[in-house]
Amino acid sequence: TSRRQRQMCIRDSLQMAAGLGYNLDDEWVLFPRNMEERHAQLIEEQRERDRKLQKADDAQKTEFYLESMKKHGWKNYEMETENYVIRLPKNIGEIRKEGNKMHHCVATYIDRVAKGETCILFIREKEREEEPFYTMEVRNGEVIQCRAKYNGAMTEPVKKLVNIFKMKKLWSCLLYTSPSPRDMRRS
């Protein structure tokens, strides 16, 4: 390794050590026997810490999400057809995994989902229910977007499915919640 790379390794190691709460006056921290090895250890320690923080954050947001799900009746959005399943994520971490596997930005919606501002649904092929297929966002009774891997557009069969979803799950709700013209005249 070049001198510059060693300097960057030392700088990065000291920054990580400080962020992880190590005593920077300790010679063992400042001058490890093998800087590259210590650097790799600190990276792994930082990743583990980040995973634990993420898990704790996701657990808290999952509580809010489950409350929002009940409050807004999102469970009613779930449905099955002959070939597909539309379901809610079980928890916030599942939304993050969906974004990673699908290579799209659904994980950036986690805070809004937890607050009940928008609903995320997973569309799965029935024979592969654990495998991501499409991700759909519903807000205020309207389908905002439905994306495949890499933000791909809907295929014709998925467009048909989304239209069935709208008719069965979104528009039917309007029929039961909208006042009738007679009720409107009475007020």
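Since the model is a prediction, treat every value here as computed from it, not as a measurement.
Here the side chains of Phe165 and Met79 are in contact, with some heavy-atom distance below 4.5 Å. Taking 4.5 Å as the limit, every side-chain heavy atom of Tyr77 sits out of range of all side-chain heavy atoms of Met136. Looking at heavy atoms from C-beta onward, Val29 lies out of side-chain contact with Asn23 at the 4.5 angstrom threshold. Between Leu42 and Gln46, every side-chain heavy-atom pair lies at or beyond the 4.5 Å cut-off. Side-chain contact between Glu36 and Arg6: present, with at least one pair of heavy atoms (C-beta onward) separated by less than 4.5 Å. Considering only heavy atoms from C-beta on, Tyr65 comes within 4.5 Å of Leu88 through its side chain.
Ion pair Asp57/Lys61 flagged as a salt bridge, since at least one NZ, NE, NH1 or NH2 atom sits closer than 4.0 Å to an Asp/Glu carboxylate oxygen. For the pair Glu94 and Lys97, the salt-bridge criterion is not met [side-chain N within less than 4.0 Å of a carboxylate O].
In this model, a donor atom of one side chain and an acceptor atom of the other lie less than 3.5 Å apart for Gln41 and Arg38. The closest side-chain donor-acceptor pair between Gln54 and Asp50, if any, does not fall under 3.5 angstrom.
Closest heavy-atom contact between Ile92 and Ile110: CG2-CG2, 3.3 Å. The shortest heavy-atom contact between Gly116 and Trp74 is CA-CH2, 3.6 Å. Across Ala107 and Arg96, no two heavy atoms sit closer than the pair CB-CA, 4.1 Å. Closest approach of Leu24 and Ala18 over heavy atoms only: CD1-CB, 3.7 Å. Of all heavy-atom pairs spanning Tyr84 and Ile123, the tightest one is CD2-CG2, 4.5 Å.
Linking ILVMFWY residues whenever their side-chain heavy atoms come closer than 4.5 Å, directly or via other members, places Leu121 and Leu66 in the same cluster. Following chains of ILVMFWY side-chain contacts shorter than 4.5 Å, one can reach Ile10 starting from Leu20, so the two form part of one hydrophobic cluster. Two different hydrophobic clusters hold Phe64 and Tyr109 under the rule that ILVMFWY side chains link at heavy-atom gaps under 4.5 Å. Under a hydrophobic clustering in which Ile, Leu, Val, Met, Phe, Trp and Tyr are joined whenever their side-chain heavy atoms come within less than 4.5 Å, directly or via other members, Val158 and Tyr150 fall into different clusters. Hydrophobic cluster membership is shared by Met69 and Ile95, with clusters built from Ile, Leu, Val, Met, Phe, Trp and Tyr side chains linked at under 4.5 angstrom.
The side chain to side chain contact (heavy atoms under 4.5 Å, CB included) test applied to Pro132 returns Glu98, Lys101, Met102, Arg124, not counting sequence neighbours.
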- Message: I'd like to know whether Glu156 forms a salt bridge (Lys or Arg N to Asp or Glu O under 4.0 Å) with Lys159, so could you lay out the CA-CA distance, the side-chain angles of the two residues, the decisive distance to 0.1 Å, and finally the verdict.
- Response: CA-CA 5 Å; Glu156 285 305 314; Lys159 284 180 186 177; 3.3 Å; yes
- Step by step, would you call Ile86 with Leu161 a side-chain contact (heavy atoms from CB on, under 4.5 Å)? CA-CA 9 Å; Ile86 299 177; Leu161 173 68; 4.1 Å; yes
- Task: Given side-chain contact (heavy atoms from CB on, under 4.5 Å), test Arg51 with Glu48 step by step and report yes or no.
- Result: CA-CA 5 Å; Arg51 279 191 290 270; Glu48 182 60 28; 2.9 Å; yes
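Checking side-chain atoms of Tyr22 against main-chain N and O of Leu14 turns up no donor-acceptor pair under 3.5 Å. Side-chain N or O atoms of Lys149 include none that pairs as donor or acceptor with a backbone N or O of His103 at under 3.5 Å. Under a 3.5 Å cut-off, the side chain of Lys169 and the backbone N or O of Glu78 do form a donor-acceptor pair.
Each of Leu170, Thr118, Ile144 was scored for a side chain to side chain contact (heavy atoms under 4.5 Å, CB included) with Val138, with one residue passing: Leu170.
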